[in-house]
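Since the structure comes first, as C-alpha cells, the remarks are kept for the end.
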Amino acid sequence: MEDKSSRKQELLMQMLRNIPNAMIWLIDRDLQAIMAEGAELRKTFRDRNLSEKGHIREFFETKVYHALNPLLRVSMKGTSVSHELMINDHYYFIQAVPIRENNSEDVVACMLIFENITEDKLSAEALKSAMKRAERSNEAKSKFLASVSHEIRTPLNTVIGFTEQLLKTKLDEKQSTFLNAIRDSSSHLLSIVNETITLSQVEIGEINFESKVFNLGDVFSEIENIERLKAEKKGIELFMIKSHRLDYPISGDVVRLKQILLNLVNNAIKFTEKGSVTVSAEIENEYADEVGIIFRVIDTGIGIEESKRKLIFKEFTQADGGITKKFGGSGLGLTIAKKLVQMQNGKIAIESTPGEGSEFIVTLPFKKVPLEKLPATQQVHIDPIVLKNKFILLVDDDELNRLLAKTIFDEWDVRYKIAVDGFQAIEMCQEHDFDIILMDIHMPGMSGMEATQRIRKMKKQRKEPLYILAVTANVIERDLRRFLNADMDGYLLKPFNESELFDTLVRFFFDENIEDMQTLSKTEEEKATEQVFVDQDRPYNLAELESTTRGNKTFFNTMVNTFISNTHSNIKLMRHFLQKEDWKSIGELAHKMIPSGRHIQAMHLVELLEHTEDLTLRKKNYGTIPEMIHKIVDSSDHIIRELKKELKQ
C-alpha cells in the first residue's frame with residue numbers, strides 16, 4: 001500500500017515538475033516556501049537550491065517579492081486573486097489560491113500558480129503595433145484621397161462645364177460630335193473618380209449615415225429626371241412606381257438612398273438594349289415608428305448566369321470580362337450599393353435569367369415621421385416669429401460673416417449678440433444666458449473648441465440646454481466628428497445663407513430627435529460634389545449674395561466693399577508671412593479667407609486657398625507655397641478690379 005502511495009506521489013511530482021510554461025509554489029502562513037515545481041523554475045531560479053525551505057524573499061528579487069506579498073496576504077484571508085508580473089524578461093500571469101484544511105474555513109497555505117504568457121503578450125503588443133500602423137496608413141490614405149478628389153474632380157468639373165457652355169454655341173456637325181465625346185468621356189471619368197473615393201471611404205470607416213426627413217416621391221422624381229435622358233437615348237422606357245401607402249414623410253439617409261438607387265438604375269440602363277427599366281417601392285413591413293421598404297430595379301437586359309452572380313458585387317469585377325469592352329464601367333457601382341445597404345442593416349439580392357433580364361431587390365429600414373410632428377423646417381417660408389424668445393450669440397473673427405449675420409438677425413428682429421473672438425464670447429456668456437451659440441472654429445488667440453470647453457465649464461450648473469454649434473468651412477468628415485466630440489451639438493458649414501441658418505436654429509430648438517441631427521440643409525458631401533462653372537472674365541457669382549441682401553443695394557454694396565477691404569489687408573498680411581516663411585500663419589490666413597470667397601462664389605480663388613491650406617497642414621511641399629500665393633494674389637486682384645467696376649455701374 002505504501003509503495004502504491006509513494007508511486008502516486010512520485011508521479012504527481014513528476015507531472016508538476018514538467019508542466020510546460022508554468023510553475024507552482026506552495027507557501028505556508030509564515031510565507032515559507034514549502035514546495036516549488038514546474039518547467040519555468042529552470043528559467044527563473046537557477047542559483048537557488050529549491051529543495052531547501054525558506055522565506056519567499058530568499059527566492060525572489062526584492063521588487064518581485066514586494067509585488068507578490070499583497071497577493072499572498074489577500075489569499076491567506078480566503079480570497080483568490082490574480083496579477084500580471086514581469087520576472088527576468090518573462091511575463092507571468094499569477095494566481096494566488098487559498099488552501100484550506102480538511103474542507104474547513106481555516107486557510108493553512110497558499111498556492112501560487114505562475115503561467116508564462118510572454119508569447120501571448122508579445123503577440124498582443126505586435127498586433128497593437130500593427131493596428132496603429134494600419135490606422136496611420138488609413139489616415140494617410142484618407143488624406144491622399146481627399147487630395148486626389150480635389151486635384152482630379154476640380155479640373156474635370158471645369159472641363160465638363162466649359163464643354164456644356166461650348167455646346168450652347170453655334171457649331172458645325174464635326175465640332176458638335178467632338179464636344180459631345182469630350183463631355184461624355186469626362187462625365188464617365190468623373191463618375192469613376194467619385195465611385196473610387198466613395199468605396200475607399202467605406203473601407204476606412206469615413207462614411208457616416210445621417211438622418212433627414214424626406215418624401216420618397218421626391219426621391220423618385222429626382223432619379224427619373226436624372227436617368228430619363230439616358231434611357232431615351234437607348235430607346236428604352238423608364239418606369240417609376242411607388243406605392244400610395246408610402247405617401248407620408250420618412251426619416252433616413254436620403255443621400256445614400258439616392259446613391260444606391262442611382263447605381264442600380266445606371267447599371268440596369270447600361271445592360272439593357274431594348275425594353276424597359278422599372279423602379280418600384282412598396283412596404284415590406286410596418287410598425288408604429290418604423291417602416292421597412294423594399295425597392296426593386298427590374299430590367300429586360302442581358303441577364304446574368306447563376307454561376308457568375310456572386311462576382312458582380314466584387315470590386316472592379318463584372319460577370320463577363322467581355323462586358324467591360326462592350327458596355328464600359330469600373331465595376332464599382334454594385335459593390336458600393338451592396339456595402340451601403342449592408343451598413344444600414346439592409347439586404348440586397350439579385351434574381352436573373354440570361355437573355356431575359358435581372359431584378360435587384362433592396363430592403364432598407366426607415367423611421368416614420370407623422371405629418372403632425374414635422375419640424376418647422378419643412379415649411380417653405382422663413383417665419384422668424386418662432387425664434388422670438390430665443391437669445392443667440394454669434395462668435396466669428398471674419399467681418400463679412402459678422403455683417404451678414406447681423407443683417408439677417410436684424411431682419412428677423414431676434415435677440416442676439418456678436419463676439420469677435422473666443423475671449424469676448426466668454427465675457428458675454430458671463431453676462432448673459434444664451435440659448436444657442438454659433439461658434440467659429442478657427443480664431444486667433446483662442447480656438448472655438450477651447451472657448452466651447454470654457455463656456456461648458458462655466459455653465460455646467462445651468463438647467464436649460466445650451467446648444468453650441470461649430471461654424472466651419474471644414475467639410476472633412478473626421479474633423480466634423482471631432483467637433484461633435486468636443487462638447488459641440490452640431491455644425492453649420494460656411495458660407496451659410498439665410499435659409500440654412502434659419503433651418504439650423506429651428507432644428508435645434510424644435511426637433512424632438514435633436515441628438516440624431518448632425519447635418520444641415522446641405523450635407524458636406526452634397527456641397528463638395530456641387531459643380532461650379534467659373535467664368536474667367538467674371539471670376540465670381542453674386543447671385544446668392546444678391547438673394548441674401550434681398551435687393552437692399554446699400555447692404556449689397558457694404559458686403560462687397562467689406563470683401564474688397566478685407567482681401568486687400570489679408571493679401572498684404574500673406575505677403576508678410578511669406579517673407580518670414582511662416583507657413584502655419586499662411587495656412588490659418590488661407591482658411592480664414594475661404595468663407596469670404598465662397599460668399600461671392602469666387603470658386604477659383606477658394607480652390608487656391610484650400611490647396612494652400614492643405615499644403616501647410618500636411619507640412620510638405622513648402623517650396624510650392626510661394627507659387628500658390630502668387631496665384632492667390634493675381635486671382636484676388638482680378639476679382640477686386642471686376643468688383644470695383646460692378647460697384648460703379
Side-chain angles (χ1 to χ4, degrees), residues 1-138 205 485:
M1 189 72 176
E2 288 183 8
D3 288 344
K4 266 190 178 182
S5 176
S6 177
R7 178 61 178 163
K8 187 183 291 185
Q9 186 175 358
E10 183 182 338
L11 287 172
L12 177 61
M13 297 304 293
Q14 187 70 23
M15 180 185 71
L16 292 174
R17 202 170 291 125
N18 290 284
I19 293 177
N21 300 321
M23 59 182 174
I24 298 176
W25 289 68
L26 192 61
I27 312 294
D28 68 15
R29 293 190 64 86
D30 297 324
L31 301 187
Q32 296 286 318
I34 301 172
M35 182 196 78
E37 294 292 350
E40 288 298 310
L41 289 171
R42 291 188 290 274
K43 296 180 183 177
T44 319
F45 304 98
R46 293 175 181 170
D47 301 329
R48 172 72 189 183
N49 185 355
L50 295 171
S51 63
E52 299 177 8
K53 291 185 180 180
H55 196 280
I56 63 167
R57 72 165 63 91
E58 299 174 23
F59 296 94
F60 294 95
E61 294 179 6
T62 303
K63 64 179 181 180
V64 176
Y65 165 70
H66 286 306
L68 293 175
N69 194 38
L71 303 181
L72 292 166
R73 298 294 181 192
V74 173
S75 179
M76 292 300 181
K77 292 180 180 180
T79 303
S80 296
V81 64
S82 61
H83 183 62
E84 279 189 22
L85 189 64
M86 177 179 272
I87 305 174
N88 295 347
D89 298 325
H90 293 275
Y91 291 98
Y92 288 94
F93 178 71
I94 305 169
Q95 297 180 75
V97 183
I99 306 296
R100 293 178 170 85
E101 186 174 25
N102 297 327
N103 297 323
S104 71
E105 293 298 317
D106 297 330
V107 177
V108 296
C110 169
M111 183 166 58
L112 285 177
I113 305 170
F114 292 73
E115 181 186 359
N116 192 327
I117 59 170
T118 304
E119 188 175 336
D120 292 342
K121 195 79 173 177
L122 293 177
S123 296
E125 288 179 356
L127 179 61
K128 187 176 179 181
S129 177
M131 289 177 67
K132 284 185 177 179
R133 289 196 301 271
E135 287 172 3
R136 287 196 296 268
S137 175
N138 275 346
N485 292 331

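In what follows, residues are counted from 1 in the order of the sequence shown.
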Legend entry - Value rounded to 0.5 Å, distance of OG in S123 from CD1 in I117: 11.0 Å

Legend entry - side chain to side chain contact (heavy atoms under 4.5 Å, CB included) involving E101 - partner list, sequence neighbours excluded: S104, V108

Inset, instruction - Kindly determine whether L72 and I56 satisfy side chain to side chain contact (heavy atoms under 4.5 Å, CB included), including the steps that lead there. - result: CA-CA 11 Å; L72 292 166; I56 63 167; 3.2 Å; yes

Inset, instruction - Could you tell me the separation between the OH atom of Y91 and the CG atom of L122, rounded to the nearest 0.5 Å? - result: 6.5 Å

Inset, instruction - Mind checking side-chain hydrogen bond (donor to acceptor under 3.5 Å, both in side chains) for T118 and listing every partner two or more places apart, or none if nothing turns up? - result: N116

Inset, instruction - Please list all pairs passing the salt bridge (charged side-chain N to carboxylate O under 4.0 Å, His left out) test where one or both residues lie in residues 64-86, with sequence neighbours left out. - result: E84-K121

Inset, instruction - Not counting sequence neighbours, list each pair that qualifies as a salt bridge (charged side-chain N to carboxylate O under 4.0 Å, His left out) and has a residue in residues 26-36. - result: none

Inset, instruction - Give, for atom CE of M111 and atom CD1 of I27, the distance between the pair rounded to the nearest 0.5 Å. - result: 11.5 Å

Legend entry - Atom CD of E125: over 12 foreign heavy atoms under 6.0 Å: yes

Legend entry - Qualifying residue for side chain to side chain contact (heavy atoms under 4.5 Å, CB included) with H66, from V64, N69, T62: T62

Legend entry - Minimum-distance pair of heavy atoms, taken over all atoms of A96 and L112: CB-CD2, 3.7 Å

Inset, instruction - Taking side chain to side chain contact (heavy atoms under 4.5 Å, CB included) as the test, write out the residues that go with H55, two or more places apart. - result: L31, Q32, R57, E58, Y65

Inset, instruction - Kindly write out the residues that satisfy side chain to side chain contact (heavy atoms under 4.5 Å, CB included) with A109, not counting sequence neighbours, or none if the list is empty. - result: L26, I99

Inset, instruction - State, with a plain yes or no, whether a side-chain heavy atom of I94 is found less than 4.5 Å away from one of W25. - result: no

Inset, instruction - Provide the closest heavy-atom pair for A67 versus L85 in the form atom of the first, atom of the second, distance. - result: CB-CD1, 3.7 Å

Legend entry - Sequence-distant partners of S82, side chain to side chain contact (heavy atoms under 4.5 Å, CB included), two or more places apart: F93, Q95

Inset, instruction - List for me each residue that meets salt bridge (Lys or Arg N to Asp or Glu O under 4.0 Å) alongside K63, sequence neighbours excluded, and say none if there are none. - result: none

Inset, instruction - Please report the closest heavy-atom contact between G54 and F59, naming both atoms and the distance. - result: O-CE1, 3.5 Å

Legend entry - Partner residues of S129 under the side-chain hydrogen bond (donor to acceptor under 3.5 Å, both in side chains) criterion, sequence neighbours left out: R133

